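Just below is one structure, and these are the notes that go with it.
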Amino acid sequence: MYEHLLNLGKYSDERFSTNKPKDYGKVCQVLDSMANEDLLVFLEDLDKKDRTY
């Protein structure tokens, strides 16, 4: 999802040295908000690392 939003120019492509996107937290907040508003369906959280919507 992040990569798609990045390609749309919605978020920065800056990354930490671990290659994790710097805007990762912002994207997570948006997705959680959308799930709370029933715009997305949250399916699972794999070991607190990957979420499936």
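When reading the values below, keep in mind they use all heavy atoms of this one structure, side chains included, and skip hydrogens, waters and symmetry mates. The model shown is predicted, which means the values in this text are computed figures rather than measured ones.
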message = Can you tell me how far apart CG (D23) and NZ (K10) are? Round to the nearest 0.5 Å.
response = 13.5 Å
note = Residues pairing under salt bridge (Lys or Arg N to Asp or Glu O under 4.0 Å) where one sits in residues 28-42, two or more places apart or in two chains, turn out to be D32-R51
Stacked cation flag K20 on Y24, 6.0 angstrom / 45 deg = yes
ask   = Transitively linked via ILVMFWY side-chain contacts under 4.5 Å: F42 with L39?
value = yes
ask   = Of all residues at least two apart in sequence or in a different chain, which pass the side-chain contact (heavy atoms from CB on, under 4.5 Å) check with V27?
value = Y2, L5, Y11, L31
ask   = Atom CG in L8, atom CD in E3: separation rounded to 0.5 Å?
value = 11.5 Å
inquiry  = Show the nearest heavy-atom pair for residues K22 and R15, with the distance to one decimal.
reply    = CE-O, 3.7 Å
ask   = Which atom pair, heavy atoms only, marks the closest approach of A35 to Y53?
value = CB-CE2, 4.1 Å
